[in-house]
Amino acid sequence: MKIILRQLGQYRKDTFLCMGLTTLEVIMEILMPFITAIIIDQGLEAAQLPVVYRYGILIVIMAMLSLLFGSLAGKFAASASAGFAANLREAIYGNIQTFSFSNIDKFSVPGLVTRMTTDITNVQNAFMMIIRVAVRVPLMLVFSYVMCLIINVRLSLTFLIAVAFLIVVLGALMVVTLRIFNEVFQRYDDLNASVQENVSAIRVVKAFVREDHENKKFSKASTNLYRLFVKAEGLLAFNTPAMMVAVYFCIIMISWLGAQSIVAGNMSTGDLTSLFSYVMSLLMSLMMLSMVVVMISMSMASIRRISEVLAETPDLKEPEQPVFDVADGSIDFNHVNFSYKHGSDKHALSDIDLHIKSGETIGIIGGTGSGKSSLVNLICRLYDVDDGSVSVGGVDVRQYDMEALRNQVSVVLQKNTLFSGTILDNLRWGNPDATEEECRAACQAACADEFIDRFPEGYHTRIERGGNNVSGGQKQRLCIARALLKKPKVLILDDSTSAVDTATDAKIRRAFSEKIPGTTKIIIAQRVSSVEGADRILVLDNGRIDAFDTHENLLKNNAIYQEIYESQIKGGGDFDQPA
C-alpha cells in the first residue's frame, strides 16, 4: 500500500482539500436536524413565527453551504483520483521500461496490460470513493450518534445492535469476495491474452479458417470470468438485505420506544423527529460503508497486482562505476552457462568458450532451439549469464552503461517491429539526429532503397502500426537500415534476412563488407548461402558449440554442417536462386 500511495505525488493537496470540504459538508448536514427540532418545539408548537423564520433562514443557508462544500469536494476528489491513476500508469510504464526480458516474461504482456488498464481503473474508483465516502461515513456515524445520545440515550442504544449485526455480515462478505476477486483479475489476464493473440495473428486465423476455434477459446475465457463475477456479485448482493433488516429494526424500535417516551412526557415531538433524521443518516452512512466494502474488496486484488509491478526490480542492474566507451567490436565468451530461469538446471547455453576478433564476419547456424538467439542476446546484455562472462571490446558487458553498450551493439532481432509513423521516423529510431542523406545511405546498404523509391511519397511514406502495409522482406530491410544508422561496433542480424531472396541477401552482405568493414558482423541464418561467405561459421547444437571454422573446413569435417548443406542443395537450393 505504501508503494501505491507514494504515487499520489502532487495530488496530495487536492486529496486533503477534498477531505476537509467533506468534513464541512457533514457538519452542515448534522446540524440541520437539530435546527429542525428547534423549529418544531419552539416555533410551531409554541406558535412563534419569528422563531420559525429565523431558524428557517439559517437552515437554508446551511443547506446552500452544504451544497457548495459537497460540489467542491467532488471536484477535488475527481482531480485527485484521476491524477493518482495517471501517476500510477506513468510509474508502471516507467518501471516496465527498466525490465529485462526475464522480468517481462514473469508477468506476461497481457498481464501487464490488465494491470495498466482494468486494475488501475479499479484503484482510481476506489480512491475516489475512499476520500469522499470513507471520510464522510465515519464523521457521519460519529456526529449522528453523538446527537442521538444528546437527544435520548436509551433509544440510541438500539442502534448499536444494528451496527454489530452489520459488522459481522459485511466483514464475512469482504473476506470471501476478496479471494474471488483475486482470481477474477487473473482471468482478466487470460481474456486479454486471448484477444491480443487473436488480433495480432488475425491473418493466420483467417488463412487457416480457425475463427470458430478462436471464438470457442475466447468464449471459454469469457465464461470463466462471467461465472466468477456472478459468484462474487451474488455474495455481495446480501449486503442490501442485511442493511434493510437493520434499517427496519431501528425504525420499529425507535417508533415503539419513542411513542412511549412522548406519552410519558420524557421526550418532545421535535426530538423524536430529529432522532429519526439522525438514525436515517446513520443507516445511510452504513449503506455507503457497504459500497466502500465492495470497492475495497475489488481494489485490494488490483492494488496487490499493481504493487507487484512497481516493486519488481530489474534483473539487469547498472554498475556503480559504468564504462561508457566501447573500444572495438571484439567479442569473448568465457565458459558461459546461461538459463532463462536463473538457478535452473536446464541450460539454454552450456560452456560456451568463443573468441571473435573486431571486424570479423561470423555466421551462426544450427537447428531450432540450438541457442542461436540466446547467444547473441547475451552480447547486448538483454540477459545476464549464470556462469562465466561475456566481453565486448575487452570489457565485461556487466561493467558497461547499458545504453552505451546497446548503442554500440546493434541488434536486428528475429521478430522485426516497425512503429506507426513515416519511414524516416522509423529509421531515426537508430539515430534520432540522422539526416535524410544518412538515412538514404543506410537504406542503400540494406537494399531498402529499391522499394522505398517506388512509393509515391518515398521516405515520407507512412508506415501503419506494426508495419502492416509493407511485406516481410521490406520490413526486414528497414530494420537492418535502422540498425546501421547507429554506426555500431557490433552488428547482429538474428535471422533478419529470412524473408528476402538470395540475390538481395547477397547484395546486403556485400554492402556490409564494403561500407562497414570495421564493424563486427554476426549473422544468424537458416540458409547456408547466407553464412558461407563469413570469415568463420559457428555451428551450435543443443546449446553447445559443435564447431567453429570456415565454410570449407566445416564441409570437410563437421557432420551437422554437412547435413544442413546437403539437405539444402538436394532440396533444390535456396529460393530465388538460379538453377
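Excluded from the calculations below are hydrogen atoms, water molecules and symmetry mates; all remaining heavy atoms, backbone and side chain alike, are included.
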Does [X] pair with [Y] as a salt bridge, N-O distance under 4.0 Å?
X: K521; Y: E360; answer: no
X: R428; Y: E438; answer: no
X: E436; Y: R440; answer: yes
X: K217; Y: E214; answer: yes

Review point. Below 4.5 Å, heavy atoms only, C-beta onward: do R477 and E450 meet side chain to side chain?
Key: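 In contact.
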
Count the heavy atoms of every other residue, nucleotide or ligand shown that sit under 6.0 Å from [atom1] of [X], and state whether that count exceeds 12.
X: F419; atom1: CZ; value: yes
X: R544; atom1: CZ; value: no
X: R536; atom1: CZ; value: yes

**Study point:** Trace of the side-chain hydrogen bond (donor to acceptor under 3.5 Å, both in side chains) decision for S350 with N337
**Key:** CA-CA 5 Å; S350 301; N337 292 318; 4.6 Å; no

Review point. About how many Å separate OG of S339 and NZ of K346, when rounded to the nearest 0.5 Å?
Key: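 That separation rounds to 11.0 Å.
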
Practice item. Starting at CG of D535, measure out to OG1 of T550 and round the result to the nearest 0.5 Å. Key: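 Separation between the atoms: 10.0 Å.
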
Practice item. Determine the interplanar angle of the Y383 and Y340 rings, folded into 0 to 90°, and report it as parallel if under 30°, tilted if 30 to 60°, perpendicular if over 60°. Key: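 Perpendicular: the ring planes of Y383 and Y340 meet at over 60°.
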
